[in-house]
Amino acid sequence: MPSAPRRIVTVVGARPHFVKLLPLSRALGRRFEEIVVHTGQHYDYEMSKRFFDELPLPEPARHLGVGSGPHGAQIGAMLARLEQAMLEDRPDVVVVLGDTNSTLAGALAAAKLGVPLAHVEAGVRGRNRREPEEQNRIVCDHLSDLLFVPTADGMTELAREGITRGAHRVGDVMLDALEIAEEKRRDRPSALERLGLEAGRYVLATFHRPANVDEPAMLDRIVDALAAVEETVVFPVHPRTRARLEGSQAGSRLRSSPLIRPIEPVGYLDSLDLVRGARIVATDSGGLQKECYFLGVPCVTADRQTAWMETVRDGWNVLVPPESGRLAEAVRTFRPRGARGRPYGDGRASERIADILGRFLGDA
Ligand code: UD1
């Protein structure tokens with residue numbers, strides 16, 4: 001009698017996870033029993049459910065409903081509920097993705113229960129330990145049994161921290177996701193049509209990092225910069241940013257700037273349409289920096305450092321911290337130089353991950 005498939009619990013909860021889950025679930029679902037557990041870190045329709053409605057994603061078997069809160073409380077609540085879920089589901093391996101609080105809670109829950117832990121997007125470092133994501137990355141990597149590393153830089157970072165066992169350079173699952181999305185994208189009207197935008201004639205802007213939006217002076221500088229580029233700026237507003245803009249000086253400046261178009265957060269397919277059509281992107285999102293690079297769109301990153309230095313080294317991304325006062329000028333004048341390489345692999349990272357997990361679990 002064939003033995004039952006090995007069971008994998010994949011922990012998700014925040015918007016970037018759903019994109020990474022797209023190729024990963026496709027690859028894992030072919031050979032394992034995959035149970036998706038959603039922490040509920042993101043809960044607005046636009047930040048979560050829309051992704052499950054629009055994309056071929058497996059429905060989460062559990063919704064833990066944790067929601068927002070101070071980081072300690074949020075992680076603590078997730079940890080308690082994830083531990084309970086894992087005790088009931090009894091996975092052979094727990095898979096966590098990326099660097100959010102849900103990722104950290106999933107890693108801690110698995111490690112405390114002694115369940116083997118696999119981290120997708122391991123080895124990524126932004127070299128800023130004040131950033132919550134950097135803290136999450138470091139802890140997850142040091143707890144993981146299997147580390148799925150997107151880039152050569154990532155392998156070097158892990159070696160520097162003394163991690164060599166279990167680390168595999170597989171490529172970036174976000175490149176795999178893009179290829180699946182391309183099939184879906186063709187079947188629907190472009191977001192540019194719906195929004196009345198002309199390709200190459202607008203800037204796409206997104207900002208949500210606490211360091212940029214939680215500090216009113218920084219948020220002011222960002223909105224001032226967007227107003228000063230003197231070109232249509234399409235600005236999907238993350239809920240954190242929306243909350244900070246409400247009733248603030250930056251919020252009124254935004255509303256009175258005729259060329260800035262704030263819109264609701266968009267889904268993955270629309271986001272790719274908007275990146276592809278943009279003349280340039282201004283952002284603090286790690287995922288968008290990579291997507292710009294994949295699609296050949298120049299990017300200005302509002303930060304002192306990035307976890308995705310390949311995009312900067314190849315000349316397609318430039319780091320301009322908002323406090324420098326040079327953000328608007330960079331958006332107006334930055335032009336990419338140099339050819340793009342393949343530092344993020346070949347779009348088959350998820351298949352490799354499934355193969356390595358299979359070997360780890362002793363499957364044929
Ligand atoms: C989280 C991740 C970040 C990722 C981002 C993508 C951490 C530490 N950060 O940041 O790495 O790039 O997701 O979006 O995990 N809110 C809503 N509705 C929602 C979700 C959030 O209104 O569905 C609001 C709440 O006011 C909340 C705030 O946004 O307090 C921040 O949400 P939180 O999950 O803490 O972190 P993000 O800023 O989204």
Side-chain angles (χ1 to χ4, degrees), residues 11-21 38-53 60 63-79 81-82 96-109 119-122 124-126 128-140 173-174 177 205-215 218-219 222 235-248 251 262-268 270-271 281 283-292 301-303 305-308:
V11 178
V12 298
R15 185 170 59 177
H17 294 150
F18 312 134
V19 173
K20 293 167 191 155
L21 187 64
H38 190 313
T39 62
Q41 176 172 351
H42 286 171
Y43 43 85
D44 284 359
Y45 179 80
E46 290 82 13
M47 299 295 287
S48 175
K49 179 124 192 345
R50 167 189 288 175
F51 290 77
F52 291 87
D53 289 350
H63 271 280
L64 304 182
V66 169
S68 302
H71 284 200
Q74 187 183 50
I75 294 163
M78 288 176 188
L79 180 54
R81 293 179 206 184
L82 282 166
V96 296
L97 323 167
D99 56 17
T100 73
N101 287 346
S102 298
T103 313
L104 175 63
L108 288 171
H119 183 203
V120 175
E121 234 178 56
V124 176
R125 294 291 181 274
N128 175 8
R129 284 204 180 196
R130 283 174 181 271
E131 206 190 18
E133 289 79 4
E134 186 80 347
Q135 299 161 358
N136 296 342
R137 292 173 190 134
I138 293 168
V139 178
C140 284
V173 292
M174 285 191 64
T206 79
F207 296 93
H208 75 282
R209 297 254 163 239
N212 280 338
V213 305
D214 286 0
E215 173 62 46
M218 285 292 255
L219 193 54
I222 288 174
F235 182 17
V237 186
H238 184 282
R240 171 188 284 279
T241 312
R242 180 184 64 208
R244 304 297 179 265
L245 284 168
E246 262 161 33
S248 72
I263 60 174
E264 292 293 314
V266 293
Y268 181 48
D270 282 356
S271 178
V281 172
T283 189
D284 59 10
S285 150
L288 267 189
Q289 292 171 50
K290 281 189 284 180
E291 284 162 352
C292 285
T301 296
D303 210 333
Q305 55 265 311
T306 176
W308 307 106

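Just so it is clear, the model here is predicted, and its values are computed rather than measured. One-based numbering, in listed order, for ligands and for the atoms of each.
- Scanning the protein heavy atoms around atom 8 (C) of ligand 1, the nearest turns out to be Asn101 OD1, 3.3 Å.
- Among protein heavy atoms, atom 34 (O) of ligand 1 sits closest to Gln41 NE2, 3.0 Å.
- Within ligand 1, the atoms closer than 4.0 Å to a non-hydrogen atom of Glu133 are 2 (C), 3 (C), 9 (N), 11 (O), numbered from 1 in the order shown.
- Closest approach of Ser48 to His42, counting heavy atoms only: CB-O, 3.7 Å.
- Contact between Ile138 and Arg129 at its shortest, heavy atoms only, is CD1-NE, 3.6 Å.
- When all heavy atoms of His38 and Gly13 are compared, the closest pair comes out as CE1-O, 3.7 Å.
- Heavy atoms of Ser68 found under 4.0 angstrom from ligand 1 belong exclusively to the side chain.
- The distance from ligand 1 to the heavy atoms of His71 drops below 4.0 Å at these ligand atoms: 8 (C).
- In this structure, the side chain of Asn212 engages the main chain of Ala302 through a donor-acceptor pair within 3.5 Å.
- Using a 4.0 Å cut-off to heavy atoms of Met47, the atoms of ligand 1 that qualify are 14 (O), 23 (O).
- Looking only at protein heavy atoms, the nearest one to atom 22 (O) of ligand 1 is Pro239 CB, 3.2 Å.
- Of all the listed residues (Lys49, Glu134, His238, Glu131), His238 holds the heavy atom that lies closest to atom 37 (P) of ligand 1.
- For ligand 1, the polar-atom distance check against Ser102 finds no nitrogen or oxygen pair separated by under 3.5 Å.
- Remark: Glu264 pairs with Glu46, Arg242 by the side chain to side chain contact (heavy atoms under 4.5 Å, CB included) rule, at least two apart or across chains.
- The closest approach between a heavy atom of Pro16 and any atom of ligand 1 is below 4.0 Å.
- Between Glu134 and Gly126, the shortest heavy-atom distance links the atoms OE1-N, 2.7 Å.
- Nearest protein heavy-atom neighbour of atom 36 (O) of ligand 1: Arg240 NH2, 3.7 Å.
- Polar contact with ligand 1: present for Tyr43 (N/O pair, distance under 3.5 Å).
- Between His42, Glu46, His17, it is His42 that holds the heavy atom closest to atom 10 (O) of ligand 1.
- When the side chain to side chain contact (heavy atoms under 4.5 Å, CB included) test is applied to Phe51, the partners found at least two apart in sequence or on another chain are Arg15, Phe18, Val19, Leu55, Leu57, Tyr268.
- Shortest contact from atom 5 (C) of ligand 1 to any protein heavy atom: His208 NE2, 3.7 Å.
- The closest side-chain heavy-atom distance from His208 to Asp284 is below 4.5 Å.
- What you find for Ser102 and Val11 is that their closest heavy atoms are O-CG1, 3.8 Å.
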